[in-house]
S.K.: 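Pasting in a structure now, in C-alpha cells, and then I'll have a few things to ask.
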Protein chains: 2
Amino acid sequence: MSVTDDELGLRERKRLATRRAIQFASVELASERGFDRVTVDEISHAANVSPRTFFNYFRSKESAIIGDLPELPDGATIERFVDAGPEEPILAGIGELMVVAIDDTDFAGEESGAEADGRGAHRLHELRRALYKDNPQLFAMRISSMHKFEDELSAVLERRLARDDPELARNLEALKQRARLIMLVAFAAMRHAWTTWASLGGVGPLASLLRSSFAELQEVARTMS
Amino acid sequence: MSVTDDELGLRERKRLATRRAIQFASVELASERGFDRVTVDEISHAANVSPRTFFNYFRSKESAIIGDLPELPDGATIERFVDAGPEEPILAGIGELMVVAIDDTDFAGEESGAEADGRGAHRLHELRRALYKDNPQLFAMRISSMHKFEDELSAVLERRLARDDPELARNLEALKQRARLIMLVAFAAMRHAWTTWASLGGVGPLASLLRSSFAELQEVARTMS
DNA sequence: TTCAATTATTGCAGCCAATGCAAACTTGCA
DNA sequence: TGCAAGTTTGCATTGGCTGCAATAATTGAA
C-alpha cells in the first residue's frame with residue numbers, strides 16, 4: 001500500500017481502488033483493441049463495476065483514459081521560481097516547473113514498491129502515452145482539458161513578472177496579459193516536446209525532450225529579436 | 001449570387017446551399033438555446049433536410065457549428081513571405097499570414113453584396129464567435145481541428161527558415177523541428193489574441209488584436225534573450 | 001453491538017449522436 | 001428520352017451518457 005492509502009478510511013480506499021481499476025481497464029483495453037473499439041460496457045465489466053458506476057467516476061470514456069491532470073509543484077519550489085530574479089532565464093524556470101508537474105503526475109500514488117498495482121502504475125503510463133501517440137485526438141483532449149493548470153501557471157508567472165519588472169506590475173491588465181502570453185508559449189514548447197517524442201517513436205524520457213524544447217525556444221527567441 | 005456560385009452547376013450550387021443552410025441553422029439554434037440544448041433533429045428540421053442528410057454534410061454536431069477551417073493565402077503572398085529575407089521579422093510576417101487566413105475564412109463566399117444569405121454570412125460569423133466565447137470547449141475543438149493548417153504553416157516556415165539560414169537547411173530534421181516550434185509559438189499568439197478579444201467582451205476586430213499579440217510576442221522574445 | 005445517517009452501487013428506462021444500408025429521387029449528359 | 005452518377009431519405013441499430021429510485025455498504029454515535 002502506498003503511504004497515502006494508509007491514512008484513508010475504508011470508503012476512500014475503495015473509491016481509489018475502483019477509480020484505478022477503471023482507469024487501468026480503460027487503458028488496457030483501448031491499447032489492445034483501439035480506442036473506439038472498446039465500449040464502456042466492456043470496460044466496466046473488466047473493472048468489475050456496473051456501466052452506471054463507470055459514469056459515477058468519469059464523465060466520459062475519454063476522461064477515464066486521459067488520466068489525472070498535472071499539478072504545479074509544492075509551495076517552496078514555486079517560491080524559488082518566483083524569487084529567482086530577472087537574471088535567471090524565465091523559460092528554463094518554467095520548463096523545470098513543467099518537468100516536475102509531469103513527473104509527479106506520472107508517478108502519483110506509486111511511491112513505495114510493492115503495492116497491488118505497483119508495477120501497474122508504470123505500465124499504465126506507458127500505455128497511456130502510446131495511446132496518445134497513436135491517437136492524437138486524445139492528446140488534444142488532454143491538452144485542452146488543462147485549463148486549470150494553465151490558470152495556475154499564469155498566476156505564478158504574474159507573480160514572477162511582477163517581481164522582475166516593477167514597472168510592468170503597475171499595470172495589472174498588461175501584467176496579466178503578458179503572463180498569459182508567456183504561459184501559452186510555454187505550452188507551445190510542451191506540445192513541441194511531445195510531438196518530437198512521438199516522432200522519435202515514443203520511447204525515452206519526455207523530461208529531457210521538454211528541456212530541449214525549452215532550450216531551443218530560448219535560442220529562437222534570441223534569433224528572432 | 002456570389003461570383004463563385006455562378007460558375008457551378010446546379011448540383012454543386014444546391015450542395016453549397018444545403019451546407020450553408022445547415023451551418024446557419026446550427027449556429028442560430030445553438031446561439032438561442034445553448035449548444036447542448038439543440039438536437040441534430042431540430043437543426044435538420046430548421047434546415048429542411050433529413051437528420052440523415054445532416055450527417056452526409058458534417059461528421060458531427062460540433063463540426064457543423066465550428067465552420068470551415070482557415071487556409072493559407074494564395075501563392076504570391078506565400079512567396080513574398082518566404083523570400084522576405086532574414087532581416088524581416090519573421091513573427092510579424094506569420095502574423096500577417098494568419099490575419100489574412102482568418103479574414104478570408106470569415107468572409108468566404110461573401111464577396112458580392114446582395115445574395116440570399118449575404119447578410120447571413122456576417123451574422124453567422126458573429127454568432128459563431130459569440131458561441132466560441134461562451135463555450136470554450138468549442139473553441140478548443142476548433143483549435144485542435146486545425147492540424148492541416150498547422151502542417152501547411154509548418155511547411156511554409158521550413159522554406160522561409162531554409163532561405164534565411166542555409167546552415168540550418170543542411171540538417172533537415174533540425175529544420176523541421178524548428179519550423180514546428182515556431183509554428184506552435186505562432187499558434188500560442190493566436191490563442192492569446194483570442195482570449196484577449198474574449199476578455200474584452202468579444203467586440204471589435206480580431207485582426208488588430210492578433211497584430212498586438214504578435215508584437216508583444218516579439219517584445220517578450222527580446223526581453224527573454 | 002446496534003441503529004440511523006450518509007454515501008456508493010446498480011438496474012432500468014430513455015435521450016441523443018452517429019453509422020450502415022438500400023430504396024427513391026435528382027442531376028448531368030449523350 | 002434514357003442511362004449513369006450522385007444525393008436524399010427512412011429505417012434499424014449501436015453505443016455514450018443521464019436521471020431516478022431501489023438496494024447495499026460504511027461510518028459514527030449511542
Side-chain angles (χ1 to χ4, degrees), chain A residues 1 5-27 29-30 32-66 131 135 137-138 140-142 145, chain B residues 1 5-27 29-30 32-67 131 135 137-138 140-142 144-145:
Chain A
M1 291 280 170
D5 281 9
D6 285 346
E7 295 153 8
L8 300 170
L10 174 59
R11 189 170 261 166
E12 302 284 308
R13 255 180 295 144
K14 277 198 170 178
R15 252 195 103 72
L16 224 84
T18 304
R19 187 181 173 81
R20 281 177 185 163
I22 294 176
Q23 287 183 323
F24 193 84
S26 306
V27 170
L29 288 178
E32 280 170 16
R33 263 187 266 166
F35 172 70
D36 37 4
R37 295 190 175 178
V38 192
T39 69
V40 170
D41 279 29
E42 294 168 320
I43 294 172
S44 315
H45 186 256
N48 286 310
V49 291
S50 78
R52 193 60 188 81
T53 297
F54 177 97
F55 287 107
N56 284 339
Y57 281 82
F58 297 96
R59 275 214 198 89
S60 63
K61 201 174 92 177
E62 286 89 345
S63 64
I65 289 184
I66 284 178
L131 276 173
N135 221 324
Q137 6 147 354
L138 281 179
M141 288 190 62
R142 178 171 169 85
S145 68
Chain B
M1 292 278 171
D5 280 10
D6 284 347
E7 294 153 8
L8 300 169
L10 175 59
R11 190 169 261 168
E12 304 282 310
R13 256 181 295 146
K14 277 198 170 177
R15 254 194 101 74
L16 243 138
T18 304
R19 188 180 172 81
R20 281 177 186 162
I22 294 176
Q23 288 183 324
F24 193 83
S26 306
V27 170
L29 289 178
E32 280 170 17
R33 263 186 266 167
F35 172 69
D36 37 6
R37 295 189 176 178
V38 192
T39 68
V40 170
D41 279 28
E42 293 168 320
I43 294 172
S44 314
H45 186 256
N48 286 311
V49 291
S50 77
R52 193 62 189 78
T53 297
F54 177 98
F55 287 107
N56 284 340
Y57 281 82
F58 297 96
R59 275 211 200 84
S60 64
K61 202 174 89 175
E62 286 88 345
S63 64
I65 289 185
I66 284 178
L131 277 173
N135 220 326
Q137 5 148 353
L138 281 180
M141 288 190 62
R142 178 172 169 85
S144 68
S145 69

S.K.: For the side chain of A:S145 and the backbone of A:M141, is there at least one donor-acceptor N/O pair under 3.5 Å apart?
M.R.: yes
S.K.: Return the set of residues passing side chain to side chain contact (heavy atoms under 4.5 Å, CB included) with A:N48 (not counting sequence neighbours), or none when no residue passes.
M.R.: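 With sequence neighbours excluded, A:N48 shows a side chain to side chain contact (heavy atoms under 4.5 Å, CB included) to no residue whatsoever.
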S.K.: Mind checking whether B:E12 and B:L16 have side chains closer than 4.5 Å, heavy atoms only?
M.R.: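 No - every pair of side-chain heavy atoms lies 4.5 Å or more apart.
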S.K.: First and last nucleotide of DNA chain D touching chain B, 5' to 3', heavy-atom cut-off 4.0 Å?
M.R.: D:dA5 to D:dC11
S.K.: Mark yes or no for whether B:T53, through its side chain, and B:N56, through its backbone, hold a donor-acceptor pair below 3.5 Å.
M.R.: no
S.K.: Can you list the residues that meet the side chain to side chain contact (heavy atoms under 4.5 Å, CB included) rule with B:F54, with sequence neighbours excluded?
M.R.: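 Expected list: B:I22, B:S26, B:V40, B:I43, B:S44, B:F58, B:A64.
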S.K.: Check the phosphate of C:dA8 against A:Y57, side-chain N and O only, distance under 4.0 Å to OP1 or OP2. Yes or no?
M.R.: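 It does not, given that no N or O in the side chain of A:Y57 lies less than 4.0 Å from OP1 or OP2 of C:dA8.
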S.K.: Going 5' to 3' through nucleotides 17-25 of chain C, assign each nucleotide B (protein heavy atom under 4.0 Å from a base atom), S (under 4.0 Å only from sugar-phosphate atoms) or - (no protein heavy atom that close).
M.R.: SBBBB----
S.K.: Give a yes/no answer on whether the side chain of A:K14 brings an N or O atom under 4.0 Å of OP1 or OP2 in C:dA8.
M.R.: no
S.K.: Give me each pair satisfying salt bridge (charged side-chain N to carboxylate O under 4.0 Å, His left out) with a member in residues 42-61 of chain B, each pair once, sequence neighbours excluded.
M.R.: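 Applying salt bridge (charged side-chain N to carboxylate O under 4.0 Å, His left out) to every pair that reaches into residues 42-61 of chain B, excluding sequence neighbours, yields B:R33-B:E42.
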S.K.: Starting from the 5' end of DNA chain D, give me the residue, B:R11 or A:E12, whose nearest nucleotide shows up first.
M.R.: B:R11
S.K.: Which residues in residues 43-50 of chain A have a heavy atom closer than 4.0 Å to any atom of DNA chain C?
M.R.: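 Heavy-atom cutoff 4.0 Å gives A:V49, A:S50.
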